[in-house]
Asks: 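Next up is a structure, given as structure tokens.
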Amino acid sequence: MYKNLAAIAMAASVIAFPSHAQKNEPLKVGFVYVAPLTEAGWVRQHEEGRQAVQAAFGDRVKTSFVENVAEGPDAERVIRDLAATGHKLIFTPSFGYMEPTLKVAKDFPDVKFESITGYKTAPNVAAANARYYEGRYLAGIAAGRMSKSHLAGYVAGFPIPEVLQGINAFTLGMRSVDPGAQVKVVWLNTWFDPGKERDAAMALMDQGADVLAFHTASTAVMAAAQERGKLAIAYHSDMRKVAPDAQVVAVTHQWGDYYRKRTQAVLDGSWKSGSVWGGVKDGMIRVGYFGSKVPKAVQDEVSARQKDIAAGKLVPFAGPIADNEGKAVVGPGQALTDEQILGMKFLVSGVQGKAGQ
């Protein structure tokens, strides 16, 4: 892929196209993926978004992607290559891509960048994220209804606010139907390492967890639960193909609509920088794809609560909430603000362990 990009850059430097030909060329849209493209997971959902863009606009656009790009210097190099080879809209869906995206954007003011899960913007850099925690709360309800040991295991990548939000919302959802439930977290400090993900899942099940959740990029946790006859919450994608008996429910991310809208904005000249933080109400987060072992009553309860979140009747981070060291975070009748949620650094009561440990 890198060789192809280099070849395109060289060709662009020696061939001068007439202006009318340039106007007739398709909009080149690039995507950078932090892990390998597999059948399910974080990258798969963004790939479906890319495919939605290509299907929607046909020969008006030409989309491409580079997969398995590490955050940091590698990301900057790939993003820069895409910009240098004529891509006028570039989506960079990983938190660690935020700073490389901003750095490259300064050198390519005529290119539009979309920092997905980032929070910093620039005149030609927009930021977008989803309220993943809303889906996590709903998954916690399902886990609380299905767990017999009252202990869930959680395999987590990095202790950034987005991950802490998910762990906390999952725990609050679980304890809303099972007040004595506990959640034990294992930190991996990586987004994608199927071997480590599997080992962590096995360790958690050995310690009594009979339902698992995760915030990593592979299907390894689902496969481990399937192997051991336990239950698990799918994340990013529906993973019943990997874990037909283990899957309780899937928290899925839907990027197609956002990607289409932003591509259309570049095509019609209306693109503007800004920040979007969408959730269940906006269709960016969807909970469903229940497994065969989940009773209809549980499915109906989760579906009803999903409608409540969409309508604003259910707020996952409504008080009273205390952290797992006993300190009050928000009182009764109050709720965490968006600013507080975005800067989350604590774990709620019911979570075993410390953030990042």
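Quick caveat: nothing in here was measured; it's all calculated off a predicted structure.
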Asks: If you round to the nearest 0.5 Å, how far is CZ of F158 from CG of L188?
Replies: 9.0 Å
Asks: For E25, is there an ion pair with K62 - N to carboxylate O distance below 4.0 angstrom?
Replies: no
Asks: Strictly below 4.0 Å, N to O, side chains only: are D193 and R198 in salt-bridge contact?
Replies: no
Asks: Among side-chain atoms of N324 and Q352, is any donor-acceptor pair under 3.5 angstrom?
Replies: no
Asks: Decide, yes or no, whether a salt bridge links R131 with D338 under the criterion of side-chain N to carboxylate O below 4.0 Å.
Replies: yes
Asks: Measure the spacing between NE2 of H253 and OH of Y258 and express it to the nearest 0.5 Å.
Replies: 16.0 Å
Asks: Please find the pair of heavy atoms, one from Q165 and one from F317, that lie closest to each other, and give the distance.
Replies: O-CZ, 3.5 Å
Asks: Can a donor-acceptor pair be found between the side chains of H215 and Y132 at a distance below 3.5 Å?
Replies: no
Asks: Looking just at side-chain N and O atoms, do S147 and D210 make a donor-acceptor pair shorter than 3.5 Å?
Replies: yes
Asks: Scan Q45, E48, E39 and name whichever one has a side chain to side chain donor-acceptor pair (under 3.5 Å) with S237.
Replies: Q45
Asks: With a 3.5 Å cut-off and no angle check, do the side chains of T92 and E114 form a donor-acceptor pair?
Replies: no
Asks: Does the side chain of E47 come under 3.5 Å of the side chain of Y33 through a donor N or O and an acceptor N or O?
Replies: yes
Asks: If we ignore angles and hydrogens, is there a donor and acceptor under 3.5 Å between the side chains of R136 and Y154?
Replies: yes
Asks: Regarding T252 and Q254, is there a side-chain donor-to-acceptor distance under 3.5 Å anywhere?
Replies: yes
